[in-house]
Enquirer: 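Just passing along the structure, written as structure tokens.
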Amino acid sequence: MQALSERGSANISANSAAFPGLFAPLADDARFYSGAMLSIALLAPLARVAPRRLAWGVLVVCGLLVAALPANAEEPALAAGLVDQVRSLALDKAAAPAAARVEVVVGQLDPRLHLAPCERIEPYLPANVRLWGKSRIGLRCTQGRTAWNVYLPIVVKVWGRALVVPAGATAGSVLAEGDLEESEVDLAEEFTAVFFDRKLVVGRTLAQALRAGQAVRQAHIKSRQWFAAGETVKVVAVGDGFALEGVGQALTNGIEGQPAKVRTENGRVVTGVPTAERRLELTL
């Protein structure tokens, strides 16, 4: 007759092969248990020493045991299908130029989150969120015991051609024709607009240093003053298919990219955008 212990060992071995996911953790626990018992056995002789020394020995071994414990598993990654849905939504909603190539990098949820199980997770675009550079997509549970809503970080890269400084430049440098070349860059790397027309860049002074290959953006260029308060300026009103011109006196300095006020000949105060030397444009 076969011993019961022998039959048990054979069954466990067979089951281990059939269900490795269930029995593998038991082997790890057994090894850890054996190590713990060995450590306790080594501490036994310390029972005869002074209590303070014994306490220090226990603390040291406990510290080693804690370090030997397996680390908690990280939060499970997003399912591939959900990642595809997030990427598809971002690609569809991204406000990118027609000729640009859009790339979406999907991040991970905060590992501190402990979300209830959910049968259906719906990605959506949160209100007032611009899909440009570092952004986010909302995830909400629509079928589950507990309704929850979280935000998933994403990065939207918009690749397009723009003017760059291949060799880099220091702040205060005046850009020349030879300093520039056209290259593909991530337009969404910063919020300020890039330059495409060399005429708008050549002769301009850099407000900050640029690294090699960095795109030239409006925030990198020092703003020009087109006129000063008190000067006489030309006022051009542009409409659909027509333009009206007049003159007026500037009430504020005309700084490039900033609104300025001018009093026209009939005494009306208008606000427009300085576009050239002693020139103000407004749209009707």
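Just the heavy atoms: all of them, side chains too, but no hydrogens, waters or symmetry mates, feed the values below.
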Enquirer: Under the side chain to side chain donor-acceptor pair (under 3.5 Å) rule, collect the residues that match up with Arg268, sequence neighbours excluded.
Expert: none

Enquirer: Any chance you could lay out the side chain to side chain contact (heavy atoms under 4.5 Å, CB included) test for Val158 and Val156, step after step, and finish with the verdict?
Expert: CA-CA 7 Å; Val158 182; Val156 180; 4.3 Å; yes

Enquirer: Does Arg263 have more than 12 heavy atoms from other residues, nucleotides or ligands lying within 6.0 Å of its CZ?
Expert: no

Enquirer: Identify the heavy atoms of Val194 and Ala162 that sit nearest to each other, and give their distance.
Expert: CG2-CB, 3.7 Å

Enquirer: I'd like to know if Arg279 pairs up with Glu281 as an ion pair, taking the criterion as any Lys NZ or Arg NE/NH1/NH2 lying under 4.0 Å from an Asp or Glu carboxylate oxygen.
Expert: yes

Enquirer: Looking at Asp186 and Trp159, would you say the former's side chain and the latter's main chain have a donor-acceptor pair under 3.5 Å?
Expert: no

Enquirer: Ignoring hydrogens, what is the shortest heavy-atom contact between Leu82 and Pro123? Give both atom names and the distance.
Expert: CD1-CG, 3.8 Å

Enquirer: Is it the case that the side chain of Gln258 and the backbone of Ile255 share a donor-acceptor pair, with hydrogens and angles ignored and the cut-off at 3.5 Å?
Expert: no

Enquirer: So, Ser135 side chain and Arg130 main chain: donor-acceptor pair closer than 3.5 Å or not?
Expert: yes

Enquirer: Any sub-3.5 Å donor-acceptor pair from Asp92's side-chain atoms to Leu89's backbone N or O?
Expert: no

Enquirer: Inspect the surroundings of CZ in Arg278 and state if more than 12 heavy atoms from other residues, nucleotides or ligands are less than 6.0 Å away.
Expert: no

Enquirer: Take Lys157 and Arg101 through the side chain to side chain contact (heavy atoms under 4.5 Å, CB included) test and state the conclusion after the steps.
Expert: CA-CA 8 Å; Lys157 299 183 178 182; Arg101 175 172 56 88; over 6 Å; no

Enquirer: Taking the side chain as every heavy atom from C-beta outward, state whether Ser173 and Leu210 have any pair of such atoms under 4.5 Å apart.
Expert: no

Enquirer: Could you tell me the separation between the SG atom of Cys118 and the CG atom of Leu139, rounded to the nearest 0.5 Å?
Expert: 10.0 Å

Enquirer: Answer whether the closest heavy-atom distance between the side chains of Leu175 and Val216 falls below 4.5 Å.
Expert: yes

Enquirer: Please examine the side chains of Ile137 and Leu125, heavy atoms only from C-beta on, and report whether any two atoms are closer than 4.5 Å.
Expert: yes

Enquirer: Take Thr142 and Ile121 through the side chain to side chain contact (heavy atoms under 4.5 Å, CB included) test and state the conclusion after the steps.
Expert: CA-CA 6 Å; Thr142 58; Ile121 301 175; over 6 Å; no

Enquirer: Within the structure provided, determine whether Leu131 and Val102 are in side-chain contact (heavy-atom separation under 4.5 Å).
Expert: no

Enquirer: Among all residues two or more places apart in sequence or in another chain, which pass the side chain to side chain contact (heavy atoms under 4.5 Å, CB included) test with Leu200?
Expert: Phe195, Asp197

Enquirer: For Trp132 and Glu190, which heavy atoms make the closest approach, and how far apart are they?
Expert: NE1-O, 3.4 Å

Enquirer: Could you see if Leu282 belongs to whatever hydrophobic cluster contains Val269? Use Ile, Leu, Val, Met, Phe, Trp, Tyr and a side-chain cutoff under 4.5 Å.
Expert: no

Enquirer: Heavy atoms only: give me the nearest Val164-Pro166 pair and the separation to one decimal.
Expert: O-CD, 3.4 Å

Enquirer: Charged N to carboxylate O under 4.0 angstrom, Arg211 versus Glu189?
Expert: yes

Enquirer: Of the non-hydrogen atoms in Leu180 and Arg198, which two are nearest, and what is the gap between them?
Expert: O-NH1, 3.4 Å

Enquirer: Applying the 4.5 Å side-chain criterion to the ILVMFWY set and letting contacts propagate, would Val129 and Val86 be lumped into a single cluster?
Expert: yes

Enquirer: So, the side chain of Thr205 versus the backbone of Val174: is there a donor-acceptor pair under 3.5 Å, distance only?
Expert: no

Enquirer: Checking Val262 against Leu251 for the side chain to side chain contact (heavy atoms under 4.5 Å, CB included) test, could you report, in this order, the C-alpha distance in whole Å, the side-chain angles of both residues, the deciding distance, and whether it holds?
Expert: CA-CA 5 Å; Val262 171; Leu251 301 179; 5.9 Å; no

Enquirer: Looking at Glu182, is its backbone amide N or carbonyl O close enough to the side chain of Arg161 to form a donor-acceptor pair, meaning the two atoms are under 3.5 Å apart?
Expert: yes

Enquirer: Side-chain contact, heavy-atom cut-off 4.5 Å: Pro117 with Arg145?
Expert: yes

Enquirer: Nearest heavy-atom pair of Phe227 and Leu280: which atoms, and what distance?
Expert: CZ-CD1, 4.2 Å

Enquirer: May I ask whether Leu109 and Trp148 are part of the same hydrophobic cluster, defined by side-chain heavy atoms of I, L, V, M, F, W, Y residues being less than 4.5 angstrom apart, directly or through others?
Expert: yes

Enquirer: Is Lys261 close to Val270 at the side-chain level, that is, under 4.5 Å between some pair of heavy atoms?
Expert: no

Enquirer: Do Val104 and Val185 sit in the same hydrophobic cluster, where Ile, Leu, Val, Met, Phe, Trp and Tyr count as joined when their side-chain heavy atoms come under 4.5 Å apart?
Expert: yes

Enquirer: With sequence neighbours excluded, what pairs up with Glu256 under the salt bridge (Lys or Arg N to Asp or Glu O under 4.0 Å) test?
Expert: Arg204, Arg224

Enquirer: If the threshold is 4.0 Å, N to carboxylate O, is there a salt bridge linking Glu122 and Arg140?
Expert: yes

Enquirer: When clusters are formed by joining ILVMFWY residues with side-chain heavy atoms under 4.5 Å apart, either directly or through shared neighbours, do Phe191 and Leu163 land in the same one?
Expert: no

